[in-house]
Amino acid sequence: MIPNTTTAIDSENGRRWRPAPALHVSVFLHAAAAVWLAAHLPAWPWVLGVLVANHLALFLAVLWPRGSLLGPNLVRLPASAARRREISLTFDDGPDPELTPRVLDLLDRYQAKASFFCIGEKAAAQPELVKEIARRGHSVENHSYHHHHAFAFFGVSRLRREVDAAQDAVASITGRAPVFFRAPAGFRSPLLDPVLAPRGLRYVSWTRRGFDAVSADPRRILRWLTRGLAAGDVLLMHDNAPVVLAVLPVLLEQLSARGLKAVSLASACADEPGE
Ligand SMILES: [Zn+2]
């Protein structure tokens with residue numbers, strides 16, 4: 001069940017929604033199909049074929065987490081942050097009562113700051129832990145309320161409820177409403193951006209991920225995370241995957257050796273206006 005929400009539209013920080021390229025193309029194709037069918041009804045198999053191809057293309061865009069066909073998508077930090085040698089570690093799917101406190105201790109040991117994309121209902125169940133994440137200088141961001149695997153296929157009103165309930169859960173605990181959103185499994189709906197824009201939420205995916213939710217091999221995860229590692233990267237990990245405790249110290253050591261500074265997304269993007 002989703003609790004009643006109060007956040008809704010952020011009139012101060014909201015941005016104007018502009019249809020993404022994939023939506024422009026889809027609207028044009030559907031309008032053209034209607035006009036064409038009105039004049040050439042026998043051509044319906046061709047028109048249907050074009051529309052099916054269009055929906056298939058949208059589906060593939062949903063499955064492409066780092067793409068921006070469905071709306072703005074932060075895959076790297078702004079150039080100003082890269083010039084400062086900053087990098088962002090992001091942790092999804094927490095907070096976890098066992099692992100998150102240990103992740104926080106490791107981050108403290110290296111004076112690293114991170115962003116935690118918490119699941120709203122887990123945050124509501126662990127308010128003290130969420131407070132502790134924020135108290136230690138990290139940012140708590142929105143990863144939907146329930147983390148449904150079918151999130152990308154929800155209609156607009158259900159997307160709104162998922163986003164708003166998580167905003168409210170985090171804001172009521174930390175006193176700060178999230179400013180970044182990441183979809184469950186990174187699969188975003190073509191209907192998501194019109195929900196995020198008026199709420200002032202920016203969509204974030206990642207530069208590189210460690211697949212720590214599916215692999216338990218720390219060396220392999222570390223290789224995935226650090227292949228081509230550079231200033232401005234956004235790395236995705238999970239603070240509910242036990243392997244993170246083996247990966248994180250080595251990763252933080254490598255960042256320090258390369259002169260890279262781990263900061264929260266909010267801090268890295270503070271001097272750059274949202275889209
Ligand atoms: Zn997730």
Side-chain angles (χ1 to χ4, degrees), residues 2 61-67 70-71 73-75 88-104 107 114-126 129-130 133-134 138-154 158-171 173-174 177-193 195-196 199 201-216 220-221 224-225 233-245 247-248 251 264-266:
I2 292 184
V62 167
L63 298 182
W64 182 28
R66 299 181 66 245
L70 300 178
N73 186 358
L74 191 75
V75 296
S88 269
L89 307 180
T90 64
F91 295 92
D92 283 11
D93 294 2
D96 180 277
E98 301 294 324
L99 298 174
T100 305
R102 298 173 68 186
V103 167
L104 292 175
L107 291 171
S115 293
F116 289 78
F117 283 82
C118 290
I119 296 174
E121 66 177 340
K122 284 192 182 178
Q126 305 279 338
L129 184 47
V130 174
I133 296 173
H138 310 292
S139 76
V140 182
E141 308 296 352
N142 189 329
H143 195 38
S144 81
Y145 194 79
H146 287 116
H147 203 270
H148 278 294
H149 291 300
F151 179 85
F153 304 101
F154 286 176
R158 199 162 174 198
L159 288 174
R160 273 196 210 114
R161 289 202 301 274
E162 278 289 322
V163 171
D164 286 342
Q167 283 296 96
D168 282 355
V170 173
I173 296 167
T174 65
V179 292
F180 294 97
F181 181 86
R182 180 180 282 150
F187 297 147
R188 69 190 299 195
S189 158
L191 306 175
L192 182 61
D193 200 48
V195 173
L196 300 186
R199 287 158 177 77
L201 281 163
R202 294 182 70 180
Y203 191 81
V204 185
S205 54
W206 51 82
T207 312
R208 216 166 294 104
R209 57 178 157 173
F211 295 98
D212 52 346
V214 290
S215 170
R220 187 186 292 179
I221 293 166
W224 274 321
L225 286 171
D233 283 359
V234 177
L235 303 186
L236 164 62
M237 287 168 278
H238 292 80
D239 57 327
N240 68 337
V243 70
V244 74
L245 299 177
V247 172
L248 195 52
L251 177 64
S264 71
L265 286 168

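First listed ligand is number 1; within each ligand, the first listed atom is number 1. The basis for the numbers below is simple: all heavy atoms, side chains too, and nothing from hydrogens, waters or symmetry mates.
Under 2.8 Å from the Zn ion (ligand 1) lies an N/O/S atom of His147, whether from backbone or side chain.
Between the Zn ion (ligand 1) and the N, O or S atoms of His143, the shortest distance is to NE2. In Asp93, the N, O or S atom that comes nearest to the Zn ion (ligand 1) is OD1.
Between Phe116 and Phe91, the ring-plane angle classifies as parallel under the 30° and 60° cut-offs. The aromatic rings of His147 and His149 lie perpendicular to each other, with more than 60° between the two planes, well past the 30° mark.
Residues Tyr145 and Phe154 place their aromatic rings such that the two centres sit no closer than 6.0 Å.
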Side chain to side chain contact (heavy atoms under 4.5 Å, CB included) evaluation trace for Phe117 with Leu265: CA-CA 11 Å; Phe117 283 82; Leu265 286 168; 3.6 Å; yes

